[in-house]
Chemist: 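I am attaching a structure below and will ask some questions about it afterwards.
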There are 2 protein chains.
Amino acid sequence: MSQLTDLATKLDALGHPIRLKIIATLVQNQQQMYLNEIAIKIGVSRALAKIHLKKLEKAAIVKSHIVTAEGEAKALRYYELLPFDIHVSPQMLRMEVEKNGQ
Amino acid sequence: MSQLTDLATKLDALGHPIRLKIIATLVQNQQQMYLNEIAIKIGVSRALAKIHLKKLEKAAIVKSHIVTAEGEAKALRYYELLPFDIHVSPQMLRMEVEKNGQ
DNA sequence: ATTACATGTAATCAAATGATTACATATATA
DNA sequence: TATATATGTAATCATTTGATTACATGTAAT
């Protein structure tokens, strides 16, 4: 995948209010959160939170893993934020595109 | 429209390789370009370029106006880039969401 | 065992998106 | 007039996306 496509994927993943809220919630809590916590915190259904988290995970903005904690009803999937710092401006895009040849 | 929604709209508009190329092309050429120039330059059909430009225009990343030049077959729609400088990181999103209340 | 509660995911569906094809208009030239 | 060329947009269609509902599993308490 080209640099440009990768950038587009990340920007696309970030381009939705719910997903921005999910990210903000994950930063606020520092530690990892599981699906239901996230859903409740931002006020959407688990199913919907899952869908948006899936898109974030595909774009490598979050990652997840299952944790089997004792005393818990079942294994939980924990999500954590991967660090990112995206900067987009016309000049920066010009350089990016020229790098990839035409 | 909230700050967060506005940011999401811009990020969503930027989240496609063709649209990133369109922007890069507009920067390269400095001056305004009309639809067909853009389409040829990045190697897509006029119709497709138009669709992507429409999305960029809705997000206020480009703007356009029609110019009636002499010697031309017909009035041409010129596109120009609006300045933007978007910076996204977890910390920045946290602040943005907290501003908008929960 | 059954009831209650909590979790994760699959199935489904309407709406938006990406892309192609075709159409309508306009000028210049044969 | 017709032919060629160039432009802008509308119509169409398959795919993806956003969102809801329902299902399956698992533990704890009755």
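Throughout, a chain's letter reflects where its sequence line sits, starting with A, and its residues are numbered from 1.
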Chemist: Evaluate the side-chain proximity of A:P17 to A:L20: yes if any heavy-atom separation is below 4.5 Å, no if none is.
Modeler: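 Answer no - side chains too far apart.
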Chemist: Show the numbers, then the answer: is there a side chain to side chain contact (heavy atoms under 4.5 Å, CB included) between B:L53 and B:I38?
Modeler: CA-CA 10 Å; B:L53 280 162; B:I38 296 172; 3.9 Å; yes
Chemist: Rounded to whole Å, how long is the line connecting atom NZ of B:K55 with atom P of D:dT9?
Modeler: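 It works out to 19 Å between those atoms.
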Chemist: Rounded off to whole Å, could you give me the CD1-to-C1' distance for the A:I66 and C:dT9 pair?
Modeler: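 Result: 11 Å.
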Chemist: Roughly how many Å is it from OH in B:Y34 to P in C:dA26, rounded to a whole number?
Modeler: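 Rounding to the nearest Å, OH of B:Y34 and P of C:dA26 are 18 Å apart.
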Chemist: Provide, to the nearest angstrom, the distance between the CD1 atom belonging to A:I40 and the P atom belonging to C:dG8.
Modeler: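 Rounding to the nearest Å, CD1 of A:I40 and P of C:dG8 are 10 Å apart.
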Chemist: Taking atom types as modelled, is there a side-chain donor on A:S64 or A:E80 under 3.5 Å from an acceptor on the other?
Modeler: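 Absent: no donor and acceptor within the cut-off.
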Chemist: Under 4.0 Å between a side-chain N or O of A:N36 and OP1 or OP2 of C:dT7?
Modeler: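 Yes.
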Chemist: Is any NZ, NE, NH1 or NH2 atom of the basic residue among A:E37 and A:K41 found under 4.0 Å from an Asp or Glu carboxylate oxygen of the other?
Modeler: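 Judged by the 4.0 Å cut-off on N to carboxylate O distance, A:E37 and A:K41 do not form a salt bridge.
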Chemist: Expressed in angstrom and rounded to an integer, what is the separation of B:I51 atom CD1 from C:dA22 atom C1'?
Modeler: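 After rounding, the gap between these two atoms is 13 Å.
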Chemist: Is there a side-chain contact between B:H16 and the phosphate of C:dA16, meaning an N or O under 4.0 Å from OP1 or OP2?
Modeler: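 Checking B:H16 against C:dA16: no side-chain N or O falls below 4.0 Å of OP1 or OP2.
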Chemist: What residues in residues 42-49 of chain B put a non-hydrogen atom under 4.0 Å from any atom of DNA chain D?
Modeler: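 Here the set is B:R46, B:A47.
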Chemist: Relative to each other, are the rings of A:Y78 and A:Y34 parallel, tilted or perpendicular (30° and 60° limits)?
Modeler: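 Perpendicular: the ring planes of A:Y78 and A:Y34 meet at over 60°.
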Chemist: In whole angstrom, give the distance that lies between atom CG of A:L76 and atom P of D:dT25.
Modeler: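 Interatomic distance, CG of A:L76 to P of D:dT25: 18 Å.
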Chemist: C:dT17 P sits how many Å from B:L53 CG, rounded?
Modeler: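 Atom-to-atom, B:L53 to C:dT17, this comes out as 16 Å.
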Chemist: If the cut-off is 4.0 Å, is B:H52 near the phosphate of C:dA19, judged by side-chain N/O to OP1 or OP2?
Modeler: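 B:H52 to C:dA19 OP1/OP2: side-chain N or O found under 4.0 Å.
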Chemist: Can you tell whether the side chains of B:E96 and B:K99 come within less than 4.0 Å, N to carboxylate O?
Modeler: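 Salt bridge between B:E96 and B:K99, a charged N being under 4.0 Å from a carboxylate O: yes.
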Chemist: Taking for each residue the nucleotide of DNA chain C with the nearest heavy atom, is it B:G15 or A:R77 whose nucleotide lies nearer the 5' end?
Modeler: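 Closer to the 5' end of DNA chain C: A:R77.
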Chemist: In the structure shown, which nucleotide is the Watson-Crick or G-U wobble counterpart of D:dT30, with both distances under 3.5 Å?
Modeler: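 Base-paired to C:dA1.
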Chemist: Grab the CD1-P distance between B:I38 and D:dT7 for me, whole Å please.
Modeler: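 For the pair B:I38 CD1 and D:dT7 P, the rounded distance is 12 Å.
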Chemist: What is the ring orientation for A:H52 with A:H16, classed by angle as parallel under 30°, tilted 30 to 60°, or perpendicular over 60°?
Modeler: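 Ring orientation of A:H52 relative to A:H16: tilted.
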